[in-house]
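Chain letters run A, B, ... following the sequence lines, proteins first and then strands; every chain starts at 1.
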Amino acid sequence: MKTLVSLDVNGRTYEIAVSPELTLLEALRYELGLTGSKQGCDKGDCGACTVLVDDRPTLACLTLAVAVQGRKVRTVESLAQANVLHPLQDAFDQHGAAQCGFCTPGILMSAVSLLEQGGDAPDRLSIKKALSGNLCRCTGYTKIIDAVEDVAANTSSPGPPGHTGS
Amino acid sequence: MPASKIHTVKQTLHVIGQRTPKIDGPTKVTGEALYTDDMRLPGMLYCKIARSPHPHARIRSIDASAALAIEGVHAVITGKDLPVPYGILGWSRDEHALCLDKARHVGDAVAAVAAESEALAVRAVDALVIEYEVLPPVLSIDDAKTLVDEPVNGRARSGNVLKRVELEFGDLKGEFAKSDKIFEADYFFHGTTHAAIEPHCAIAKVDGASRLTVWSSTQVPHYLHRELALVLGLEESRIRVVQPNLGGAFGGKSEPFDLEFCVAKLALITGHPVKCLYTREEVFYSHRGRHPMRMHFETGVDAEGKLTAVRSKIEMDGGAYASFGVVTTYYSGQLMTAPYALPAYAFDSTRYYTNKPACGPKRGHGTVQPRFAFEVQLDEIAHDLHIDPIELRRRNFIGDFTETINGQRITSNGFLECLAAVEKASDWKARRSSLPAGVGLGVAGSMYISGTNYPIYPNDMPQSGVQAQIDRSGRVTLFSGASDIGQGSNSMLASIACEELGVDRRDVVVVSSDTDLCPVDLGAYSSRVTFMAGNACVDACRHLRTQILEVLRSEWHIDEPLDIFAGEVRTKDGKHRLPVKEAFRLAEARLGSLGSMGWYNTPKLGGEYKGGSIGASPAYSFTAHVAEVEVDRETGLVDVKRVWIAHDCGRALNPMTVEGQMEGSAYMGFAETLFEEHAVDARGLHLGPNLLDYRLPTPLDTPDFEAHIVETFDPEGPYGAKEAGEGPLHSVIPAIANAIFHATGARLRELPFTPAKVLAALRATSIPERLPPLEP
Amino acid sequence: MLPLPPFAYHRPRDLEEAVALLSELGPDAKLIAGGTDLLPNMKHGLLAPKHLIALDAISDLDRVEVLDDGSLSIGALTRLSDLAVHPTIRVLIPVLAEAAAEVASPQIRNMGTIGGNVCLDTRCVYYNQTQFWRSALGFCLKKDGDTCHVVKGGKQCVAACVGDTVPALIVLGAAARVLGPEGMRAVPLEALYTTPGSDHLKLARNEVIVRFEVPRPGERLRSGFFKLRLRRSIDFSSFSIAAALRLDGRTIQDLKLAAVALNSKPRVLNAEKLGVLGQDLTKEVMSHIGEQFQRRATPLDNINVDSQWRKEVIAVLVRRLLERVSAVGAQTASVSS
């Protein structure tokens, strides 16, 4: 049976009727038209569906849409503001870190979370750890890590939007 | 047949050779780029395919009544609805969209349903009652030789043999006889698969005018177009195939699959658009990945390590369908004759049908396996003769602008520079002899084709066409049938337009892989796109450039050469200059609407014997890898620390994307060396058709790759370019094998190098003494 | 997509309501915390509960506290990623932080909870597959069938307990505090697991794990964890081992080792059983302990990593863990730093 839920996605509130068995990934892609988050395995093995739930990288394919009520969901669509790319998006573009681009949205969300944690600029090993739940089949990760490292070294971490310091 | 056209390299290049982000980069990082499953059409139905749980079974009956009784289920189709066989190669059309008489592997498609939701479609598939008569399965090469009473596939030449190729070049007997030493060993390469992160997806729609459109995650829209027409019995002119953004392919989407025919047929039957999205499990069953190969190599050398003769015998476990298998059989032998000079060479390769998901072309089609075997054997030879493995390879270099023993024309060849680059970058000479036990360096080399002159269906038409159109806004629109599968081919075409016509990248639009709009290109396979579509694009743009410059010379009443770059047409001295936008308008006023069709076809290539043109390429790329490994002697776990890759890609049109291909290739080869195995057990069941059991290395498992581009400027490639997408995969695998030997003295000849296998090999080996440094 | 079977979703506000719901809804109800184990299993058709009872609306289930007596209380809904970086846990009982940090991937650690990890369904290469795959194979003892594909002729399911935090909690002597209709009870972690693998948790259907209680670690406790897996992320365990050790000088005062990814029960051995109580922890003794543990641990073909190889390397892995754990100072040293 469907229930009406209120989802906070990318700072917007959506009221939609969902069945409890609808995953957040299905809700985003097929109900809200936010198709940036991808489905690669649908069971938690690849990371292509990674979104942020209350600022933490989360697998949308293993999250129930009904369970994110009252939480803030952020997807790749939230990163660019008024057609200006997020520094990570720009770096991925400039470094050639997106080949087919299918894993890119999920990887970006994991990388965004890493940079929002603040502190010292992460080294390559910390970047690899932060991205270790995301599979990429095209790049061998080299240019992805280059891009994140570049941004980490060149920006002060702003913290997640809405938090102090942003 | 139109002759091939060769465009001389422009004097000064302004865009080509620059590190340039891809034109689709921004839409990919924002998540806007639409992939097939991102599309939804009004009234769309969802298709699911029922698959055989048996590796080999006759289909007795299919009762769809319960499925059709479910509310929201619109149609069920079976093999009888799509009875025309197809296959990527015209002479081995051996599969049906849905099995007609029998199922040939676990996961073979038997029936398809269309329903109003995916969940309903799943229910409908579960409600189908399919009766099978189980047949004895053929599950290995040995089975395939003996179990011939009920052959896997009726198209077999005899028994379960799809194809056997035996070719011999030079005086094999004589050369072996005069060898100082002959090395002989058996090697095994296991099955691996592409595992693109995007699962296959297709959508079909029939419009009011009975025109069928199929959107598909294919890397060969043109071949899909042809096969759809054949199987559906429709005229090609009434079918449109569109490839949306593609989430990785690597050869795994380079032929038609059951889902494309099923959605098309279901759309024709129901009148609704129909989508099918594979589950990850179905991706594993559709496979077309690397063939498991059993290989025997025999190599003769003289006392200085010069090769005298090479002979191989190769058996391939092909799976249930032919796929590109006839070509694979040839490639396993035909592409081994460089970068080393072979005075005599013979191969005997056989591909068998088995009741497993069909193998096909995975990145480095057909040659990655024998290249592994041969490059390990070269290491064995170098070790035995006390010759540095890099030096051994140098001594046998075939040279450039020459011909191989099997009649392939070699043009530019930067293999020596590749060896030098990895030797230097890895500090080979100093470190080979000084690394601690357990740590080792290994080297290997390889070559690959830049497309082949052999189209999949025999014809004399161009391999690639590109149309360029200039409009009054100053924009250049390119129409190309080539498939951008993430490798950046659309960006490559845009760079060429920028180079030739002086426009900014933002003013180039590339319309690609849409059979309604674009001239034919044969597709993204065999590393042909940069070479062929690139040349076609140069052809189209050069024609416009010539026309526009002619108009300006006449306008300015001058005779001197002009250049176009950075948005301007100008004379060398800068006395005359005009923004390109105005130049375009002027040219349009003088000449009429501006457009041009460019094309490329390969010259006649290859040896004068049956199969002599298979593997014949207008240009070959060359690669060398050095890998550094650390082996845990107590557990057998191998840690690849670093990989240095040097690749001769002719000219790097965009070094950043070339590096991306080199790194990605090395990753894929590294992954299959240590982590991945696409295996089917004694019951015919895939061992873990999911991304948990099939282990793609994560960022934490993956070594740092260091890409060194070697440029050689091929005379026929666009601006001198050759391929970079597949060659840089090959030699990483034997380089790792050879590094393990250097680290531990354990010689591994059977992939994958699981820790269990490595540990067993270590137990059987005593720690080798490190050889003293060798003089060249 | 792998559609989930339909269910009703409940979100009780407190534990009593959760327990009441479990009692009321009977065997068709399942608890859901992070969902990272339950949902893939449901997508594979391994279970189809008609009711899911989410625990996330219940407050205070994710607290980590050091109590007055020095013992620790860890709420069952504490996320694995929080546990991995928790300063107190890292200092006092590093074995648990290390175990939590090794679970699956960063995303799954953000979603998964310690309670969920402890209650993880047992895994088997023949079980954790799709409905289609299992139907092609023939169903097994654990689900819908009567054969075991791991042990030929086996009559008892041998699916493996693989929760990484399980051996860590066991060597710490932790207990689960469980709420049921009759009230609270404590279950030592070591006593929580049983055979067969198809029914391996000694919890009643209507009981909820509320928190884990870890006895005061004491000043000389050294502990550590090692997980064998072929990939350094995402993979489940091929063999996970936890150690807790107390030394007096070099003399072994207390040693406990626990391992998972073998059978449905963790393998637990202490200094006494290993015959090393009171001995000096020398290199030779560490090797000896490794060999003893290896002798008593039998990896099976329930995991898709060569069982013979796993058996062979156990001695090395145990020895190396002991070397590492004994080389670092006891927790008192780290506290002062």
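Taking both residues in full, the closest heavy atoms of B:Leu266 and B:Val113 are given as CD1-O, 3.7 Å, listed atom of the first, atom of the second, then distance. Taking both residues in full, the closest heavy atoms of B:Pro703 and B:Val643 are given as CG-CG2, 4.2 Å, listed atom of the first, atom of the second, then distance. Residues B:Leu139 and B:Ala682 come closest through the heavy atom pair CD1-O, 3.1 Å. A pairwise comparison of heavy atoms in C:His288 and C:Val276 identifies CD2-CG1, 3.9 Å as the closest pair.
Top candidate by heavy-atom pairs under 4.5 Å with chain C, chosen from B:Val125, B:Leu277, B:Leu687, B:Leu685, is B:Leu685. Contact count against chain C (heavy-atom pairs under 4.5 Å) is highest for B:Pro755 among B:Pro755, B:Ala760, B:Pro697. Counting heavy-atom pairs under 4.5 Å between each of B:Leu700, B:Asp37, B:Thr279 and chain C puts B:Leu700 at the top. Note on C:Gln308, C:Arg232, C:Arg231: by heavy-atom pairs under 4.5 Å with chain B, the leading option is C:Arg231. Among the candidates B:Lys757, B:Arg280, B:Glu118, the residue making the largest number of heavy-atom pairs closer than 4.5 Å to chain C is B:Glu118. Put simply, of B:Val106, B:Thr754, B:Leu692, the one with the most heavy-atom pairs under 4.5 Å next to chain C is B:Leu692.
Contact of C:His44 with chain B is not made at all, since no heavy-atom distance falls under 4.5 Å. Residue contact with chain C, scored on non-hydrogen atoms closer than 4.5 Å, involves the backbone of B:Leu691 exclusively. Only the side chain of B:Asn690 comes within less than 4.5 Å of a heavy atom in chain C; its backbone stays farther off. Only the side chain of C:Leu317 has a heavy atom closer than 4.5 Å to any heavy atom of chain B. Looking at C:Arg310, there are no atoms closer than 4.5 Å to chain B (heavy atoms on both sides), in backbone or side chain. Both the backbone and the side chain of C:Asn304 come within less than 4.5 Å of a heavy atom in chain B. For C:Arg134, no part lies near chain B; criterion is any non-hydrogen pair under 4.5 Å. If you measure heavy-atom distances from C:Leu230 to chain B, the contacts under 4.5 Å come from both the backbone and the side chain. Heavy atoms of B:Arg123 lying under 4.5 Å from chain C are absent altogether. Proximity to chain C is absent for every atom of B:Ser117, based on heavy atoms less than 4.5 angstrom apart. With a threshold of 4.5 angstrom between heavy atoms, B:Glu281 approaches chain C through side-chain atoms but not through N, CA, C or O. For B:Arg683, the part lying under 4.5 angstrom from a heavy atom of chain C is the side chain only.
Classification of the B:Phe257-B:His200 ring pair by plane angle, with boundaries at 30° and 60°, yields perpendicular.
For the pair B:Tyr285/B:Tyr278, no side-chain contact is recorded, criterion being any heavy-atom separation below 4.5 Å from C-beta on. Annotation: side chain of B:Pro689 is in contact with side chain of C:Gln129 (closest heavy-atom distance under 4.5 Å). With contacts defined as side-chain heavy-atom distances shorter than 4.5 Å, the pair C:Asp301/C:Val125 does not qualify.
The ring pair (Phe, Tyr, Trp, His ring centres under 6.0 Å) with B:His686 is formed by just one residue from the set B:His678, B:His105, B:His287; it is B:His678. Looking at C:Val85, C:Asp82, C:Leu80, C:Leu83 one by one, the single match for side-chain contact (heavy atoms from CB on, under 4.5 Å) with C:Arg109 turns out to be C:Leu80.
Without hydrogens or angle criteria, B:Lys275 side chain to B:Ala202 main chain gives no donor-acceptor distance under 3.5 Å.
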